[in-house]
Amino acid sequence: MADGGDEPDEAEELGGRQKAEIAKWFLANAPAGEIQYVAKDMRSILGDDAIYEMAAAEAYPVYNKAHLIALQMPDRSGDVLITAYGELDKNNYFDPRTAQVATVDHVKQVCTNVRPASDEELPSPYIEEFRSTLADELSKYVGETYPKGTCAVYCISGKDAEGPGADFEFVIVISATKYSPQNFCNGRWQSTWNVDFKDDLQFVEIKGKILVGSHYFEEGNVHLDAKNEFKDSTIFQSPEDCAASITNIICHHETEFMASLEASYVHLPDTTFKDLRRKLPVTRTLFPWHSTLQFSLTRDITRELEIGQ
Amino acid sequence: MEAAMDLMRRISPKESETALSALLSLLPHHSADLLSQVDLPLQQVCMDQQLMKEFILCEYNRDADSYRSPWSNKYFPPLEDGPLPSPQLRKLEIEANEVFTVYRDQYYEGGVSSVYIWEDHNESFIACFLIKKDGSRTGHGRRGYLQEGSWDAVHVIEVGPEEEGTAHYRLTSTVMLSLTTEDKSSGTFNLSGSIRRQMSHDLSVAEGHLCNMGKMIEEMEGKLRNSLDQVYFGKTREMVCTLRPPPDGIQLRLPEN
């Protein structure tokens, strides 16, 4: 038995902490766009709001950051992405584009307040020039490529550099989701690109990760998970040239990733899936169930074929 | 229970074992329902030590901690008084296992299959046909495309008593599968899914129960495979193209069924 052989009716009552851990696992593993359904199910199964709330308080932030959730800011200045890179503390997230700090309620998945970022929270003007030029170029790309995409460029190292001579590092986050629960289908695209500006080598190192997930569940349960990692580089130039070059590199790799994903799907019916089960036997006819004599014959033939191989 | 079943439809099939264990510990009083309704991949295959042939372990051939081999009709580890099918059903079971082995070979080119048959009330019986295929390149994947690949099929047929030359057959089929391709340039691609369907027929017993059951299973497997490939996998592909439409504006449509 999968659970180690315990007889169910002798199982001990789980402690509150253990139940909360289980609830956390389910919540954190909910597919894109489905955490609220999982939450409803967990609440019902636990039958104990206190335990559920304890689990939710711990699980939702993990889920939100892992899924790069975009929340609308109340002043209509757009969306803020919830990411580890922009996290100032567990309820406050920096939005580089509008230079604001958003306060969020993770469990309700809403942004409750925004305030302008303080000078200490912002990068220096030198860094900001690189960052914002890159972010603008990227926004154009994301706007054209993803029907519902959000992006952000964070400076995660060297943000106080005053001028040339210093290394600094950005992280680019692109997040796109599509939720169609009425069609029993949800999906997400996430790409994260580390852009390392090395001043002494006059060289920009780029490392990226793309993750795509999709879930279709009309009378069934099917998940797609695809991911890949990339490395590239370009020369350290002016903010405008860097922005253009970096965005092109990202576009190139993301497009290539889509193409290889598409190729995987195209190969499914006749190659990869065939390794699991053929559509028809080699004979190209259905199996002759009615002919018992055929069975012993087929078996002998099959054995012969196997020996011959 | 409804909440539990909804959860199982959302969590990835790759995690279904963990999920079921978790649910069993949260809902110990529903364990019987959970175990019978939740689809789990077929975990284990055991060796019949007497005949040196493999057989699949599942609830249908288990008694206490022992499992009955459909080849030798013995329990491993040995069990005194483990339930056995009647001589009549045992004869059908033997034939079913032999024939199903050939069927499995033709469609799956490898893998393991087992058939278990036992009495039900009112002169009915239940037959369970199982197939477990490891299609990875280290397993039985002939073409070597899959880093990881598994197909588990469980077909349970309830056969009613014969009346005026016909019998009623009710088939419940579950297929669970997972396939992963992995290489340096294109990364990791994984599709996993589970799907369950039912089919009922009243058929003449002129050609025998095995023939009827076999044809239903073959038809069902074909439908499930096509459905998974075209509808289910197709939908996930469509979703990705919605997230990031292909540049030349090609719209992917599902093939018309």
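Letters A, B, ... mirror the listed sequences (proteins, then strands); counts begin at 1. Since the structure is predicted, the reported quantities are computational estimates derived from the model, not experimental observations.
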A.B. asks: Could you verify whether a donor N or O on one side chain and an acceptor N or O on the other, from B/Y107 and A/R277, lie under 3.5 Å apart?
C.D. replies: no

A.B. asks: Does any backbone or side-chain atom of B/L177 lie under 4.5 Å from a heavy atom of chain A? Answer side chain, backbone, both or neither.
C.D. replies: side chain

A.B. asks: Give me the atom names and distance for the closest heavy-atom approach of A/P147 to B/T242.
C.D. replies: CG-O, 3.5 Å

A.B. asks: Report which part of B/R197 has an atom under 4.5 Å of a heavy atom belonging to chain A: side chain, backbone, both, or neither.
C.D. replies: side chain

A.B. asks: Say you draw a straight line from NE2 of A/H267 to OG1 of B/T181; how long is it, rounded to the nearest 0.5 Å?
C.D. replies: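 Result: 10.5 Å between the selected atoms.
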
A.B. asks: Counting only non-hydrogen atoms closer than 4.5 Å, does B/S192 touch chain A with its backbone (N, CA, C, O), its side chain (CB onward), both, or neither?
C.D. replies: both

A.B. asks: Test ring pair (Phe, Tyr, Trp, His ring centres under 6.0 Å) on A/Y216 and B/F233 and set out the steps.
C.D. replies: CA-CA 8 Å; A/Y216 179 61; B/F233 294 163; over 10 Å; no

A.B. asks: Can A/H223 and B/I11 be said to form a side-chain contact (heavy atoms from CB on, under 4.5 Å), step by step?
C.D. replies: CA-CA 9 Å; A/H223 288 249; B/I11 300 291; over 6 Å; no

A.B. asks: Test the B/R10-A/Y37 pair against the cation-pi criterion, namely NZ or CZ under 6.0 angstrom from the six-membered ring centroid and within 45° of the ring axis.
C.D. replies: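 Judged by the rule, B/R10 and A/Y37 form a cation-pi pair.
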
A.B. asks: Consider only side-chain N and O atoms of A/W289 and B/E218, and report whether a donor and an acceptor are under 3.5 Å apart.
C.D. replies: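 Note: A/W289 and B/E218 side chains meet the donor-acceptor criterion.
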
A.B. asks: Is it the case that more than 12 heavy atoms not belonging to B/E2 sit under 6.0 Å from its CD atom?
C.D. replies: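 Atom CD in B/E2 is not packed in, count stays at 12 or less.
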
A.B. asks: Minimum heavy-atom separation for B/L243 and A/W189, please, with both atom names.
C.D. replies: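 Result for this residue pair: CD1-N, 3.9 Å.
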
A.B. asks: Go through A/E262 and B/R237 one step at a time and tell me if the salt bridge (charged side-chain N to carboxylate O under 4.0 Å, His left out) criterion holds.
C.D. replies: CA-CA 8 Å; A/E262 182 58 18; B/R237 175 190 191 179; 2.4 Å; yes

A.B. asks: Is it the side chain or the backbone of B/M5 that comes within 4.5 Å of chain A heavy atoms, both, or neither?
C.D. replies: neither

A.B. asks: Where on B/T180 is there a heavy atom nearer than 4.5 Å to chain A: the side chain, the backbone, both, or neither?
C.D. replies: neither

A.B. asks: When you compare the side chain of B/Q106 with that of A/F287, does any pair of heavy atoms fall below 4.5 Å?
C.D. replies: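 They are in side-chain contact.
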
A.B. asks: Can you tell me how far OG1 of B/T188 sits from CG of A/N228, rounded to the nearest 0.5 angstrom?
C.D. replies: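 Reported to 0.5 Å precision, the distance equals 7.0 Å.
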
A.B. asks: Going through the distances and angles, do A/F26 and B/L23 end up as a side-chain contact (heavy atoms from CB on, under 4.5 Å)?
C.D. replies: CA-CA 10 Å; A/F26 275 105; B/L23 285 176; 3.9 Å; yes

A.B. asks: Between atom CD1 of A/I22 and atom OG1 of B/T18, what is the distance when rounded to the nearest 0.5 Å?
C.D. replies: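 Here the interatomic distance stands at 11.0 Å.
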
A.B. asks: For A/K279 and B/N226, indicate whether the former's side chain and the latter's backbone hold a donor-acceptor pair under 3.5 Å.
C.D. replies: no

A.B. asks: Quick one: pull up CZ in B/R244 and CE in A/M258 and give me the separation to the nearest 0.5 Å.
C.D. replies: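 The distance works out to 6.5 Å.
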
A.B. asks: Would you mind telling me which of A/V212, A/N186, A/I210 has the largest number of heavy-atom pairs within less than 4.5 Å of chain B?
C.D. replies: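 So the answer, after comparing A/V212, A/N186, A/I210, is A/N186.
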
A.B. asks: Determine the option with the most heavy-atom pairs under 4.5 angstrom with chain A, choosing from B/A19, B/G149, B/G193.
C.D. replies: B/A19

A.B. asks: Working to the nearest 0.5 Å, report the span between CG of B/L179 and CG of A/L268.
C.D. replies: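 The CG atom of A/L268 is 6.0 Å from CG of B/L179, to the nearest 0.5 Å.
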
A.B. asks: Is A/Y265 close to B/L191 at the side-chain level, that is, under 4.5 Å between some pair of heavy atoms?
C.D. replies: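 A side-chain contact under 4.5 Å exists here.
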
A.B. asks: Specify which of A/K40, A/M42, A/E254 makes the most heavy-atom pairs with chain B at under 4.5 Å.
C.D. replies: A/E254

A.B. asks: Should A/N221 and B/I195 count as side-chain neighbours, where that means a heavy-atom distance under 4.5 Å?
C.D. replies: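 Not in contact.
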
A.B. asks: Report which part of B/E15 has an atom under 4.5 Å of a heavy atom belonging to chain A: side chain, backbone, both, or neither.
C.D. replies: both

A.B. asks: Which value, rounded to the nearest 0.5 Å, describes the distance between A/D225 atom CG and B/T236 atom OG1?
C.D. replies: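 Those atoms lie 10.0 Å apart.
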
